[in-house]
Amino acid sequence: MRIEGKYTQSIWYDPELDTVKIVDQTRLPHDLVLLDLESLQDACMAIASMQVRGAPLIGVTAAYGVYLGLREEAAGLESIIQQLATTRPTAVNLSWALNRCRQVLQEYTGDERVLKALELAQILEKEDIAVCEGIGDQGANLLEALWEQKQEGQDRLNVLTHCNAGSLATVDWGTALAVIYKAADRGIPVHVWVDETRPRNQGAAITCWELAQQGIPHTLIVDNAGGHLMQHGQVDAVLVGADRTTARGDVCNKIGTYLKALAARDNDIPFYVAFPLSTFDLSIEDGLNEIPIEERNAGEILQVSGLTDEGAAATVNIAPANTRASNYGFDVTPARLVSRLITEVGVCEATPEAIAVLVGNRGG
Ligand code: MRU
């Protein structure tokens, strides 16, 4: 991704300092702050506090966390993995990355294990970039086909997205936004409706910032506006990421995604979900009852933070004192509402049969 015109990733290893650099996403969009992760504790904090967030980026950060932890205690592999595994419950990419670390690193001890851990985290980082670029290419075919159908009387292709499934949710490219970037590279005039994505406003703060940095036309809307826009022919496709997709194609993503899928279905608008194969949890079928849904601090709902016109950071209360609030982080969109799943190895329908074929074909 370009940040202020320079190529930047969301995470990378700094060999001079022997630290892991991240973009602190809690400071966006007002301040671009890079942080150095120097310990297991730093990595756990970065994930739990959402300095890094987004399913694929959580996985890569965890792999670097394993390296930082082993540097402190090379014999502590299992306890390091356990500490990282409890930082956030919903995105399956976290346990996917940790399982990969366990599988490789249990074969080694001492300094060799530490070196291998760094090597593996760097491999996962590079893989994530390639995989996300592949998702972008696969999904751009769908948007291209849609644009060919729509072109008459229309000067732009309107895509609605929720939360941030962009470069900042991965190492680079993103998932849903990779599709947008690749479509724009092909000359399709994409315009993005960005849901603000309460309570943490990843849409307003992160997606708008990221799209502006890449020069993609976009408009911020409140979370409840999507249905209205769909009813008035202002949305050609809904395109979101995923934190976990089950064997039958149920999709867990940021809270509010389900309502967009319902509105899309009612208005006959395609609802696309883009994610890497590592976001599949093929051990479960029923997303509604089997995916742990993160519940976060009620303060995220009861307060809003931002900058005043004078540039001072401010947090204000928006509900009466002592109001009780429930803060569910994710919801599940049933497979029947999903038009297509987009992965790095291809696009398929959200059915058990199509998913089995897609996953069976990986690498083949
Ligand atoms: O709570 P977050 O910001 O980690 O939630 C992120 C999302 O819901 C994304 O849509 C999802 O992780 C896909 S990221 C490519």
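All ligand and atom numbering here is 1-based and tracks the order in the structure.
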Checklist entry - What part of K254 sits under 4.0 Å from ligand 1 if we count only heavy atoms: the side chain, the backbone, both or neither? => result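 The part of K254 near ligand 1 is both the backbone and the side chain.
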Considering all heavy atoms of both residues, which atom of [X] and which atom of [Y] are nearest to each other, and what is their separation?
X    : Y    : result
L143 : L157 : O-CD2, 3.8 Å
A176 : G241 : CB-N, 4.0 Å
N164 : E210 : ND2-OE1, 3.3 Å

Next on the checklist: Within the supplied structure, the quantity of interest is the number of heavy atoms (other residues, nucleotides, ligands) at a distance under 6.0 Å from D31 CG; does it exceed 12?
Outcome noted: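 Enclosed: over 12 neighbouring heavy atoms sit under 6.0 Å from CG of D31.
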Item to check | Aromatic plane relationship, Y64 with Y13 - under 30° parallel, 30 to 60° tilted, over 60° perpendicular | outcome: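 Y13 and Y64: parallel rings.
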Please confirm whether [X] comes under 4.0 Å of ligand 1, counting heavy atoms of the residue only.
X    : value
N164 : yes
G174 : no
F275 : no

Checklist entry - Within 45° of the axis and under 6.0 Å from the centre of the six-membered ring of W209, does NZ or CZ of R2 qualify? => result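 Ring-cation test returns no.
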Checklist entry - Between F330 and K254, is there a cation-pi geometry (under 6.0 Å to ring centre, at most 45° from the normal)? => result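 Flagged: K254 positioned over aromatic ring of F330.
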So if I count the atoms of ligand 1 from 1 in the order they appear, which ones are less than 4.0 Å from some heavy atom of [X]?
X    : answer
Q202 : 1 (O), 2 (P), 3 (O)
M50  : 1 (O), 2 (P), 3 (O)
A55  : 12 (O), 14 (S)
P56  : 14 (S), 15 (C)

Short N/O distance, under 3.5 Å, between [X] and ligand 1?
X    : value
I58  : no
C163 : no
H162 : no

Checklist entry - For atom 2 (P) of ligand 1, which of Q25, R88, R200 has the closest heavy atom? => result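 Going through Q25, R88, R200 one by one, R88 has the nearest heavy atom to atom 2 (P) of ligand 1.
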Item to check | Minimum non-hydrogen distance to atom 13 (C) of ligand 1, winning option of A274, A169, A242 | outcome: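 Answer by nearest heavy atom: A242.
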Nearest protein heavy atom with distance in Å, relative to [atom]:
atom                    : answer
atom 10 (O) of ligand 1 : N253 OD1, 2.7 Å
atom 8 (O) of ligand 1  : D243 OD1, 3.0 Å
atom 15 (C) of ligand 1 : T175 OG1, 3.0 Å

Next on the checklist: Checking side-chain polar atoms at under 3.5 Å, does T246 have a donor or acceptor matched by the opposite partner on D281?
Outcome noted: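 The criterion, which ignores hydrogens and geometry beyond distance, is not satisfied for D281 and T246.
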Checklist entry - Is it the case that E78 and Q106 place a side-chain donor and acceptor less than 3.5 Å from each other? => result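 On atom types as modelled, these side chains do not qualify, holding no pair under 3.5 Å.
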Item to check | R296, R198, E300 screened by side-chain hydrogen bond (donor to acceptor under 3.5 Å, both in side chains) with N327, the one that passes | outcome: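 The side-chain hydrogen bond (donor to acceptor under 3.5 Å, both in side chains) with N327 is passed solely by E300 among R296, R198, E300.
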